[in-house]
Every structure is written in structure tokens, then in C-alpha cells.
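The chains referred to below are lettered A, B, ... by the order of the sequence lines, with proteins before strands, and numbering in each begins at 1. Any value given below was found using the heavy atoms of this structure, including those in side chains, with hydrogens, waters and symmetry copies removed. Note that the structure is a prediction, hence the values are computed from the model and not measured.
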Amino acid sequence: MRQLSYAQAINEALVEEMDRDENVILYGQDVAAWGGIFRVTTGLLDRFGHERVFDSPISENVIVGAGVGAAIMGMRPVAELQYADFLLTAGDEIFLKAGMWRFMHGGAFKVPLVVRLPSGSTSAGPEHSTCPEAYIMHSPGLLCAVPSTPSDAKGLLKEAIRNDNPVMYFEHRLLYQKKGPVPDGDVTIPFGKAAIRKEGKMLTVIAWQLMLQRALKAAEELEKEGISVEVIDPRTLTPFDWDTVLESVKKTGACLVIEEGYRSLGVGAEIGATLFEKALPWLDRPFRRMATPDVPLAATRQLVDRILPSSDGIAAEIRDMLK
Amino acid sequence: MRQLSYAQAINEALVEEMDRDENVILYGQDVAAWGGIFRVTTGLLDRFGHERVFDSPISENVIVGAGVGAAIMGMRPVAELQYADFLLTAGDEIFLKAGMWRFMHGGAFKVPLVVRLPSGSTSAGPEHSTCPEAYIMHSPGLLCAVPSTPSDAKGLLKEAIRNDNPVMYFEHRLLYQKKGPVPDGDVTIPFGKAAIRKEGKMLTVIAWQLMLQRALKAAEELEKEGISVEVIDPRTLTPFDWDTVLESVKKTGACLVIEEGYRSLGVGAEIGATLFEKALPWLDRPFRRMATPDVPLAATRQLVDRILPSSDGIAAEIRDMLK
Amino acid sequence: MNKPRPSAAFGGADPAVDAIKRTNGRLDDKALVEIFEVAMRSRIFEARLVRWAKEGGIPPLLHPGAGQEIAQLAALHVLRNSDPMLYAHRGLAYIIGRGVPLTAILADASGREGGTNNGKGGLMHTVDIARGVYGESGTLGGGFVIATGMGMAIKKQRRDDVIVHFFGDGTSNRGTFHESLNWAAVQKLPVIFICENNGWAVSVPTSVSTAVEDIASRAAGYGIPGVVVDGGDADEVAEAVAVAAERARAGEGPTLIEIKAVRLLGHFATDMQEYRADRDECQARDPMLALRRRLVEAGLLTEEQMAEMERRITTEVEDALDEVKAAPLVSGELAFTDLYS
Amino acid sequence: MNKPRPSAAFGGADPAVDAIKRTNGRLDDKALVEIFEVAMRSRIFEARLVRWAKEGGIPPLLHPGAGQEIAQLAALHVLRNSDPMLYAHRGLAYIIGRGVPLTAILADASGREGGTNNGKGGLMHTVDIARGVYGESGTLGGGFVIATGMGMAIKKQRRDDVIVHFFGDGTSNRGTFHESLNWAAVQKLPVIFICENNGWAVSVPTSVSTAVEDIASRAAGYGIPGVVVDGGDADEVAEAVAVAAERARAGEGPTLIEIKAVRLLGHFATDMQEYRADRDECQARDPMLALRRRLVEAGLLTEEQMAEMERRITTEVEDALDEVKAAPLVSGELAFTDLYS
Ligand SMILES: Cc1ncc(C[n+]2csc(CCOP(=O)(O)OP(=O)(O)O)c2C)c(N)n1
Ligand SMILES: Cc1ncc(C[n+]2csc(CCOP(=O)(O)OP(=O)(O)O)c2C)c(N)n1
Ligand SMILES: [Mg+2]
Ligand SMILES: [Mg+2]
């Protein structure tokens with residue numbers, strides 16, 4: 001199969017969807033003339049022109065809010081916030097407008113909006129480093145995609161654009177250059193279907209994006225030691241594929257969630273609580289989470305490395321859990 | 001002991017702290033001339049004058065952000081957002097400025113800011129009804145108080161004002177008129193100390209504010225049936241008093257969290273996950289949560305009543321859990 | 001009638017302002033009578049709703065628009081019903097003017113069947129796409145960004161609709177005002193931003209919260225026309241809106257119109273307005289009184305005819321209320337619908 | 001030297017603008033030489049940092065301020081070091097001008113011991129309260145609200161400090177600009193808002209994102225002076241800031257000053273600027289060149305002396321770099337400190 005980088009896969013999804021549906025428009029800071037500060041949208045302006053691909057002011061409220069307005073009038077806007085952290089600068093627009101405008105008005109509209117949110121701990125400081133997907137998972141009305149591979153990045157973005165609901169699409173900056181196989185043709189990936197990235201018997205690990213890479217590396221390492229770990233990538237957080245997770249946990253009896261976001265009320269909290277509700281009879285061991293330990297992410301590499309789960313740290317944690 | 005309403009208790013805390021420390025200032029929409037749309041700040045303008053009690057424009061970003069700025073210069077601002085939901089209109093200022101300005105600048109400042117956030121399901125529609133404390137609990141750098149009684153409302157607010165960190169103080173609109181005993185004198189309530197509102201043996205219920213009222217009612221009812229429920233009011237969510245909760249759960253072997261916020265990644269998720277991590281050996285029964293089931297709160301009473309836990313519903317849930 | 005005066009910030013130099021001066025859009029007799037009648041319907045209906053709220057029949061979350069109806073309706077009168085509107089919380093004339101049935105509004109207000117938003121938004125979020133009624137943001141200032149995006153869609157779709165967005169003076173202090181007007185201006189979007197400056201935001205006088213007297217002067221920061229009109233003068237309002245609509249449909253971009261308005265009643269239904277000293281003075285400035293006089297003087301309606309109109313509308317309102325009171329409450333199960341599509 | 005011209009939006013009518021015209025604050029010879037020297041230090045230091053970033057020694061998150069130093073330093077020169085400053089991301093002259101040691105900046109940039117923010121904020125968030133350096137918001141526009149609150153505190157405390165906040169033209173499109181200027185104006189807070197308009201926000205030209213040519217024209221929406229000054233003219237900048245400071249200290253409120261600036265280099269250290277056609281033209285407008293000529297012509301510094309100055313500063317920078325490179329990296333344990341107090 002073709003090898004594409006995660007960034008190329010996103011670009012390809014945009015091209016295909018914009019080719020397919022002229023209601024798809026793309027905008028945000030620097031996305032047009034420059035092709036995005038992470039160069040993910042290069043070539044789109046040339047292909048689709050200023051009417052459909054345009055640069056915006058530094059006005060996050062209206063970037064998201066205008067997306068809602070355009071969406072209810074039949075467009076399919078794909079808006080970019082330059083860093084995922086900035087979703088909090090457009091809180092009203094994301095949580096109350098995108099999430100609730102349809103509900104509040106009795107279903108009179110659809111809000112087919114996609115917000116692209118580059119996330120991840122690049123040591124760029126507290127306001128340019130986070131993975132804020134838990135805020136979204138807590139909030140009704142919003143779907144949430146967290147692609148981990150080039151193929152998923154493409155397929156989930158295509159699905160997000162076609163979906164009639166607002167989708168927060170988190171693209172991880174540290175994966176942009178990572179390559180992987182991407183199938184030819186018009187392949188979408190449905191929301192709410194997790195992928196089992198590695199089968200295993202003794203423990204279920206749930207992770208996505210950067211932490212998935214590290215978890216898989218740890219799992220390979222452990223395999224050599226005879227420790228068989230199952231690794232699940234949820235792909236979307238809302239909707240969340242509980243079936244796959246429950247089935248796995250019933251088999252393994254233990255679960256570890258690894259995430260880049262803050263620990264308290266991070267995604268792992270929902271997973272832990274839900275398993276405790278629904279799978280207690282099958283659970284042999286205490287649940288565990290590895291996450292950013294409720295401190296902001298500093299601008300200095302040593303400080304970030306100190307707190308983020310590494311693959312060695314993950315392997316050690318799993319060994320300890322299974323002791 | 002004196003009986004005061006929850007609103008009077010808040011008012012008294014403000015008066016006492018403003019008397020004590022001239023750096024305390026109070027502002028927000030309608031808080032001065034009118035004494036607040038819920039009449040919680042009446043009399044303060046007369047007592048302290050326009051320099052210290054003033055009305056603000058409808059500018060939530062600067063209401064919170066100016067609080068951060070004033071706090072780092074040595075003031076102790078108490079800002080009000082008219083509805084707790086509006087914290088999302090000041091997302092940058094709450095989560096990234098109040099929460100992180102000190103950290104990001106290596107501890108060069110203190111940020112002794114209090115934001116008063118009237119919350120609660122008053123059937124005022126999706127954007128005027130929520131209990132958004134989970135967003136705060138997920139976010140580093142912010143403390144979070146959720147007083148349930150007049151006495152706590154006073155003591156926790158006094159503590160919040162004296163605390164050198166930013167405190168999000170949620171006052172529940174449906175409790176404003178509720179009366180209760182409030183001790184005389186300068187009594188503060190420390191953060192991170194839960195209150196056991198009712199002792200019991202068979203199950204631990206955790207609830208606060210409106211849901212605490214309902215939980216206590218249910219617990220009394222059940223007591224008559226011989227079902228002994230322990231009811232814990234956490235009082236603050238950050239810091240959270242894990243010791244009290246763990247001790248109770250180790251005794252009862254079962255836990256139910258009842259909250260008004262959204263279910264997914266609501267506060268109950270953190271409690272469930274933490275118990276699953278730390279108390280598995282003592283847990284006899286699956287964990288449960290009752291909460292707003294991941295839909296916004298409509299403007300119509302029937303719709304709100306349909307989804308919010310009632311005291312009857314809570315009693316039924318507990319009976320079912322202990323079956 | 002005064003000509004709409006361009007905001008001071010524009011001096012006479014801006015060509016867009018000249019365009020406004022060139023137009024002459026007096027309302028004809030029929031229009032005046034129509035506006036008067038709908039205003040009366042709105043006034044009577046609203047008063048009845050306030051009474052119902054005080055009786056406990058509906059929540060008091062109603063913000064009476066008394067005093068502001070004439071201007072609201074004059075503005076809508078020169079637009080098409082297909083021009084999408086995002087209205088403000090101040091009163092019901094906007095939606096009554098667009099022809100939404102009183103029964104639908106009452107059903108929304110009381111959570112009964114027959115409303116427009118399935119019990120979700122209540123009275124504040126009536127919606128009726130066929131009549132161009134696109135709803136309201138519960139957070140003030142949430143409408144600016146949505147209006148801007150709607151304008152963006154209209155422009156991309158090469159339709160000649162214009163978006164009209166009403167909002168209060170207090171709301172113009174939200175940051176979204178700034179972001180939206182800048183973007184709408186730079187992209188030349190077909191949006192008319194209409195600020196109703198009634199001097200108050202709940203209990204806070206505009207002078208306490210707002211650094212300028214004329215909100216319209218803020219247009220200077222976006223290079224668009226900023227026009228101040230007298231909310232007591234239907235012609236002045238209509239003309240300014242007509243010019244702005246023409247400009248918008250011609251692809252020349254947005255306009256900021258400020259209506260100097262008077263809030264006759266409390267912020268919400270049960271507001272006692274203890275904070276307010278200007279109430280009597282304001283009653284005298286009620287635009288309904290002025291229009292009433294004008295219609296009589298011009299021989300367009302007699303006092304008799306007006307009294308008859310009032311009786312007819314009162315009956316209409318009471319009938320609607322009876323009908324809705326008899327309707328079943330919406331089911332609580334609706335709590336779960338309409339979130340995702 | 002041109003007089004600072006008041007923004008078009010103000011005409012000549014505003015008394016605050018007259019106040020600006022009345023002042024005459026030319027920089028004296030000593031000041032000019034000082035500004036030149038600090039600008040040179042900043043330019044050389046920054047170039048060295050960019051090189052270090054390209055070598056991989058520090059992250060490329062540095063936004064070179066080359067072209068904007070003279071104006072930044074002229075502005076600071078007429079303020080007191082005790083006047084709290086919130087700076088922008090554009091360059092290091094702000095903090096070098098306030099006297100923060102180069103070693104401290106290098107330590108912040110490279111995560112080594114001896115910095116100002118314990119490894120938390122890195123290069124972007126240098127802080128030094130004793131020198132009035134209060135930091136920077138990582139989200140653009142986050143500074144407006146904080147500056148406003150700081151001004152509020154100063155006023156309540158009856159101190160005569162003024163807050164100075166630098167920000168870019170692109171940043172002036174954030175909603176927080178609007179909310180803050182309105183509130184600062186209405187409360188007459190001692191804040192000077194200084195917009196450095198360099199024509200770009202990363203790759204987006206100001207004309208694409210912003211509906212007006214002069215950001216200063218936005219002052220009209222807040223009833224405060226809006227002044228445009230030439231960033232190539234230190235006197236003009238200094239005078240405008242001096243007047244604004246006087247006004248602020250006198251309790252008359254904020255001023256919006258717009259510096260027409262030139263960005264000589266890329267948005268960040270490794271930006272290749274493929275999107276940009278105006279680079280050569282911009283080099284010719286480098287204010288350092290103009291000041292250099294002026295100093296020579298006025299006989300204040302000889303070419304020789306400048307070359308010597310350059311050598312001295314280069315050595316100073318290399319020494320600082322050597323010193324910091326030898327310092328230990330800050331411990332990862334600092335990840336857990338400084339959050340709560
Ligand atoms: C973001 C936000 N802040 C505050 C409120 C509460 N609120 C509702 S109406 C109102 C006053 C609005 O004043 P204005 O815009 O002048 O409109 P008016 O009521 O005078 O018509 C306030 C503060 C809100 N709904 N949203
Ligand atoms: C809220 C927010 N949006 C976007 C960014 C990313 N960003 C950093 S600098 C910059 C451009 C700033 O332009 P301007 O304000 O003109 O300053 P300049 O870089 O030209 O000095 C952008 C978009 C940010 N940091 N914060
Ligand atoms: Mg008003
Ligand atoms: Mg710029």
C-alpha cells in the first residue's frame with residue numbers, strides 16, 4: 001500500500017472532500033497562502049482558490065462561531081485553530097454554540113462543522129502543548145476524533161467532513177511526519193469503532209496518538225518477556241466504542257489507560273469509572289492511569305519528559321501491574 | 001445558632017472579608033447598584049463605595065482577565081460571572097490565564113482571584129443552567145469550591161478570598177433561599193476537607209449542592225426501610241478529600257455519585273476511576289453514577305425533571321444497587 | 001423626520017455614508033399602519049405574557065420589548081422575510097413581525113405542544129426557518145459570530161439575502177462584536193448589525209459600562225458605515241436599514257446601525273427596577289404614542305379604529321392563550337432528542 | 001521629524017489629541033546613543049539566538065524583532081523601569097531594554113539554571129518584577145485583559161505607575177482588545193496600549209485580516225486618543241508615549257498608540273518566508289540604518305566607535321552564551337513547582 005505521512009493524509013482527505021462537495025470550505029490562520037504553519041494545507045489554495053480556502057484574522061471566537069453560522073446555512077466549513085489549546089479562547093463558540101445551537105433550537109438546523117485542532121506536547125509552553133480532548137468528551141453535542149495513524153487521519157477526517165454534526169478533530173503535531181500505509185480511493189472510517197492495534201491476553205492498554213506509539217513500543221518489548229498486552233486505539237472519544245473495550249477487559253481482567261492530557265478527569269477517568277460500573281466481575285486488578293499529572297506542560301524539554309509517559313515507563317508500569 | 005440563607009451567608013462573607021482587607025474588591029454585571037441579579041450582593045456598594053464595588057460591562061473575558069491582572073498586582077478581586085455557564089465565554093482567561101500565569105512565569109506572582117459562578121438547573125435553557133465544575137476539576141492551577149449549606153457558603157468563601165490561588169466558587173442558584181445555621185464570628189472552612197453529612201454503613205453516596213439535598217432526603221427515607229447510607233459532601237473538588245471518601249468506601253463497600261453536571265467525565269468519573277485504582281479490594285458492588293445524561297438542559301421544566309436525579313429516583317437507585 | 005445621521009466618527013468623508021444620504025426611503029401609509037398594528041399586537045401580547053409569568057404560568061425569563069417595537073418592526077419592514085434574522089432577547093416584536101403565530105410562541109414559552117423548538121429553548125429561542133427566524137444566542141454576543149458565518153455562507157452561495165442581527169448596547173461590549181465586525185468588513189459580508197441602545201444593560205446604565213455615547217462610532221474601527229437613528233422615528237430606521245441592505249446585497253459589506261431606543265419596562269418580567277430613576281421620563285418617549293398621534297393626524301387611523309384594533313388583538317391574544325393552555329405539555333422524553341443529527 | 005499624527009478617526013476635535021500636540025518630547029543625544037546601543041545589543045543577541053536555534057541548541061520558537069527594536073526602546077525610554085510592562089512575542093529588545101541580563105534570557109531559552117521562570121515559560125515568558133517585566137500571554141490577546149486589571153490595581157492603590165502593553169497588529173483582532181480598551185477607557189485606567197503594526201501576522205498580510213489601515217482608528221470606539229507614529233522615528237515614538245504616560249498618570253485614562261513597524265526577518269527563527277515578496281524593500285526601511293546615519297551625521301558616534309561597539313557587544317553575547325552553556329540544565333523536577341502558592 002502507498003505510504004503517506006499523517007500530514008499528507010490529512011491534506012489528501014481535504015482535497016478529496018473539497019473535490020467531492022463544493023460546500024466544503026477551509027479557513028484559519030495561515031492555512032491558505034502559506035499552507036498552514038505546520039504545512040498541512042499546502043496546495044489547497046492553488047487548487048480551490050480564495051473563495052474556498054482563505055486566511056483568517058487572529059479571531060478565534062469568530063473562526064469557530066462563523067463556522068457554526070456557515071454550517072447552519074448549508075456549508076461544510078473546516079476551520080483550523082492553530083493550536084488545540086486555543087479551543088479555550090473560543091469556549092462559548094465550541095461548547096455552547098457548536099455543541100448546542102441545534103438542540104436549543106429544537107433540531108431546526110444541522111451543524112456540519114469540523115474544527116481541526118493540532119495538539120501535543122512539543123515543549124512549546126503551557127498554552128501551546130496540551131491535548132485538551134477531555135473538555136470535548138465532557139460536552140454534549142460535540143463529536144471528537146483522535147486519529148493515530150495516517151490512514152485513520154485520512155479516513156476519520158473524511159467521515160468528519162461528511163458527518164452532519166460538529167466534529168472536533170485533534171491532529172497530533174508530533175505525528176505529522178510519521179508515515180504509514182494509506183489505502184487508495186474513497187475510504188472513510190466510521191466514528192465509534194475502536195481499533196485493536198495489538199492483540200494480547202494479560203492486560204488491556206488503551207491509548208491514542210503519541211501515547212499509542214509509546215504503548216505499542218512497550219507492548220512489543222514486553223512480548224519478548226512473555227507479557228501479552230492488548231492495545232486498543234479508540235479512534236474517536238465521542239462516540240466511544242465501549243463494546244470493544246469491555247470485551248477486551250473481560251478477556252484480560254486488567255486495564256491501563258495512557259494519555260497525554262491532564263490526569264484528573266482525563267479520558268481515563270471515564271474509562272475507569274465505566275469499567276468499574278460495567279465490568280467489576282471480570283476485573284482482577286486495580287485500574288491504572290498514566291497521564292500528565294495535573295500540572296501544565298512547561299516550555300522546557302526536561303520538564304515535559306519528566307511527566308509524560310515514556311515507552312520505558314509504560315513497560316515498567318505494566319510489569320508492576322502484573323506483578 | 002443564627003439561621004441565615006445561603007445568599008445572606010455569601011453576603012456576610014463578602015462584608016467581613018472586605019472589612020478585614022481593603023485589597024478585596026468586588027465587581028461584575030449588576031453587582032453594585034442593584035446588588036446582583038440574584039440579590040446576593042445587596043448593600044455592599046453602600047458600605048464600601050464605588051471604588052471597591054462596581055458594575056462591569058458585558059465583557060466576560062476582561063471580567064476574569066482583569067481579575068488576574070489585579071490579583072498579580074496585590075489586589076484580591078472577587079469577580080462575578082452572572083451564570084456559571086459563562087465561564088466558557090472566558091475560557092482563555094479562566095483556564096490559561098488564571099490557571100497558568102503563575103506557573104508559566106516560574107512562580108513570580110500569586111493569583112488570589114475568586115470568581116463567583118452561580119450555577120444550577122433553573123430551566124433557564126442550555127446556556128443558563130449547567131453545573132460546569134468538571135471543566136475546572138480537569139484543569140491545573142484552579143481551586144474549586146462547591147458549598148452546599150449556608151455555613152459552608154460563608155466559610156468557604158472567606159477561605160477562597162484569603163487563599164493565594166485562583167478559586168472558582170460555584171454558588172447554586174436553587175440554594176440561595178435555603179436557610180441554615182451559620183456560626184458567629186470569623187469562621188473559615190479549609191479546602192480539601194469533606195463533610196460527612198450522614199453516617200451510614202451499607203453504601204457511600206457522594207453529592208453536593210442541590211443533589212446533596214436530594215440525596216439526604218433519599219437517605220432519610222431509606223433509613224426507615226433499614227437501609228443505612230453514608231452521605232459525603234466533598235465541599236471542594238480541587239483539592240478533593242480522597243481520604244474521607246476512601247475510608248467511607250472501605251467501610252461500606254459501595255459507592256454512588258450523584259451530580260448535576262454532565263455524566264461523561266463528570267466529577268463522578270474521577271471518583272469512580274480513583275476508587276477502582278485504590279479501593280478495589282474493598283469494593284463489593286459495581287460503582288454507579290447519577291448525573292445529567294450527556295444532553296444539554298432544556299428550558300422546559302418537564303425536560304429537566306426527566307433527566308435530573310430526584311430524591312425518589314435516588315432512593316430507587318440505591319435500593320437497586322443493594323439488591 | 002431627521003435624516004439618519006452618520007456616526008461622528010465618520011465625518012462626511014466616507015463614501016458609504018454618502019450613499020446613505022442619497023437614499024430616500026420613507027415608509028408609505030400602508031406600511032405605517034401595518035407597523036403600528038404589529039407593534040400593538042406585540043405590546044398587548046407581551047403584557048399578557050408578563051401577567052402570565054407573574055401568575056406563575058411561565059418562568060419570568062421574558063424581557064419585555066415595550067418601547068422598542070416600532071423601530072424593530074420598521075427595520076424588518078424594509079427587509080425580505082427570506083432575509084435570515086438573529087434577534088435579541090428584548091421583546092417579541094421581531095418574531096411576531098415575521099409572522100410566527102402567537103400560539104407557537106406561547107407554546108414555546110409554556111413548554112406545550114405546538115411550539116417551534118420542541119421544549120428545548122423555550123421563549124428565548126423561537127425558530128422558524130421559513131420566516132427567516134434563525135434564533136438567538138443565550139450568551140450575549142454569541143450572535144455576532146454566527147451572523148458573520150451566515151453572511152459568509154450567503155456570499156459563497158452567491159445568494160442576495162442579507163443577514164440581520166439585532167443586539168443591545170450592553171452586548172456591544174463583548175469581544176465577539178469586535179472580531180465579527182472586523183471579519184465581516186474585511187470579507188464584505190452581507191450582514192446588518194443593528195444595535196438597540198436603550199441606555200441599560202439590566203441595571204447598569206450604558207454610561208457606566210461603555211466608553212462611547214454612540215455605539216455606531218465603533219464602525220470607524222472596521223471601516224464600515226456607522227449610522228445613528230432615532231428609534232422613535234420609523235422612517236429614519238427604515239431608511240437606514242434599506243440603505244444598509246442595498247449595500248449588503250451589492251456586495252459592499254456590512255453596516256452598523258444604532259437605534260437610540262427606550263426601554264419602558266423592566267429587564268425581565270418581574271423586575272421592579274428599584275435601580276432606575278428615569279422611568280416616568282421614558283414613558284413620555286414611548287414611540288407608540290408618537291406613531292399613534294401621527295397616524296391620527298394624518299387621518300390614517302381614527303381613535304375609534306385604534307380602540308377597535310386593540311379589542312380585536314386582545315381577543316386574538318386571549319384566544320391564542322386559551323388554545324395553548326389546552327394543549328398538552330411537551331413530553332419530558334424530548335430531553336433526549338435534537339442533539340445530534 | 002513629523003509630529004505624531006492623531007488617528008484620522010479623531011479629527012482635531014478631541015482635547016486629548018490636543019494634549020498630544022502640545023507636548024514636545026525630543027530625545028536628547030544621550031538617549032539616542034543609549035537606544036542605539038541597546039538596539040544593537042538586541043539585534044546581535046537575537047541573531048546569535050537564531051543561529052543557536054538553527055544549530056538545534058534551543059527550540060526555534062523565537063520571533064525575531066529585528067526592525068522593531070528602535071521603536072520598542074524609544075517607547076520604554078520615556079517610561080520608568082517601575083512601570084509594569086507586558087511585552088509581545090516580537091523580539092527581545094523589550095526585556096533587554098529593561099536590563100534583564102542576557103544570561104538570564106539565554107538560560108530561559110535553553111532550559112538552564114539561572115533563568116527567570118524556572119524552566120516553565122522558556123524564552124517567551126521571561127519575568128523580572130524588579131525591572132517591571134511582567135511577562136507575556138502565550139495566547140495572543142491574553143495580555144489586554146491582564147494589562148487592564150493591572151491598571152485597575154494601580155488606580156485603586158493610588159500609585160502613579162502606568163502599565164505598558166505591547167502587541168501586534170494581528171493581535172488587535174482578538175475580542176479581548178475590544179473588551180479591554182472599552183473597560184480601560186470607561187474606568188480611565190493608566191494603561192498604554194502600544195500596537196506594533198508590522199504589516200504581517202505570520203504569513204497573513206494585515207490587509208487580508210484587518211478592515212482598517214490604521215489600528216489606531218479603533219480608538220474612536222472607546223473615546224480615547226489613537227495615535228499613529230513612525231516606527232523609524234525614535235523621537236516620534238518617544239513623544240507619543242511620553243504624552244500617553246502623562247495622561248495616564250494624571251488619571252485621564254488609556255491611549256492607543258500604533259507604531260508603523262517593519263518586520264525584517266521571519267515570523268520565527270527558521271521561517272523561510274516563501275509567502276513574502278516585500279523582503280528587500282523592507283531591509284531598506286530598517287530603522288537601525290536611519291538612526292546609524294543620524295548619529296554619524298550629528299557627530300554623536302563615529303563609524304569607528306560603532307564598529308567598536310559591535311565588537312564589544314559580540315564579545316558580551318558570546319561570553320554570556322559560553323557562561324550559560326556551561327550551566328546545568330534545570331531539573332525535570334521543576335515540572336511540579338510554581339503551580340499553586
Ligand atoms: C455573555 C452574557 N453575559 C451576561 C448575560 C446576562 N444578561 C442577559 S441580558 C443582559 C443585559 C443586556 O443588555 P443589552 O445588550 O443592552 O440589551 P437590553 O437588555 O438592554 O435589551 C445581561 C447582562 C448573558 N446572557 N450573556
Ligand atoms: C490566540 C492565538 N492565536 C494564534 C496564535 C499563533 N500566533 C502566534 S504569533 C501570531 C501572529 C501574530 O501577529 P501580530 O499580532 O501582528 O504580531 P507579529 O508576529 O506580527 O509581531 C500567531 C497567529 C496565538 N499564539 N494565540
Ligand atoms: Mg440595553
Ligand atoms: Mg504583525
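Interface remark: of the candidates B:L265, B:D92, B:I94, B:L265 forms the most heavy-atom pairs closer than 4.5 Å to chain A. In terms of non-hydrogen atom pairs under 4.5 Å with chain A, the most contact-rich of B:G268, B:G266, B:P281 is B:G266. Most heavy-atom pairs under 4.5 Å with chain B: of the set A:I271, A:V257, A:L283, A:D294, this distinction falls to A:L283. In terms of non-hydrogen atom pairs under 4.5 Å with chain B, the most contact-rich of A:E270, A:K278, A:H138 is A:H138. When each of B:A269, B:G91, B:A298 is checked for heavy-atom pairs under 4.5 Å with chain A, B:A269 comes out on top. With chain A as the partner, the residue from B:F86, B:F240, B:F103, B:F95 showing the most heavy-atom pairs under 4.5 Å is B:F103. Between chain A and the residues B:A90, B:S264, B:G272, the largest count of heavy-atom pairs under 4.5 Å involves B:S264. Per-residue heavy-atom pair counts under 4.5 Å with chain A were compared for B:A134, B:G99, B:G261, and the maximum is reached by B:A134.
Interface remark: B:T292 contributes no atoms to any contact with chain A (heavy atom separation under 4.5 Å). With a 4.5 angstrom heavy-atom cutoff, A:S139 touches chain B via backbone and side-chain atoms both. When heavy atoms are compared at a cutoff of 4.5 Å, A:L280 approaches chain B solely by way of its side chain, counted from C-beta outward.
For A:K110, the NZ atom counts as loosely surrounded, since its 6.0 Å shell holds 12 or fewer non-hydrogen atoms of other residues, nucleotides or ligands.
Using bins of under 30°, 30° to 60° and over 60° for the plane-to-plane angle, the ring pair B:Y135/A:Y135 lands in the parallel bin.
Between the side chains of A:W208 and A:E259, no donor-acceptor pair of N or O atoms lies under 3.5 Å. Judged purely by distance below 3.5 Å, without hydrogens or angles, the side chains of B:Q29 and B:E60 pair a donor atom with an acceptor atom. A:R289 and B:T274 share a donor-acceptor pair across their side chains, judged by distance under 3.5 Å alone. Residues B:S121 and B:E260 bring a donor and an acceptor atom of their side chains to less than 3.5 Å of each other. With hydrogens and angles left out, the side-chain atoms of B:T204 and B:T252 include a donor and acceptor closer than 3.5 Å.
In terms of modelled atom types and a separation under 3.5 Å, the side chain of A:D164 and the main chain of A:P112 share no donor-acceptor contact.
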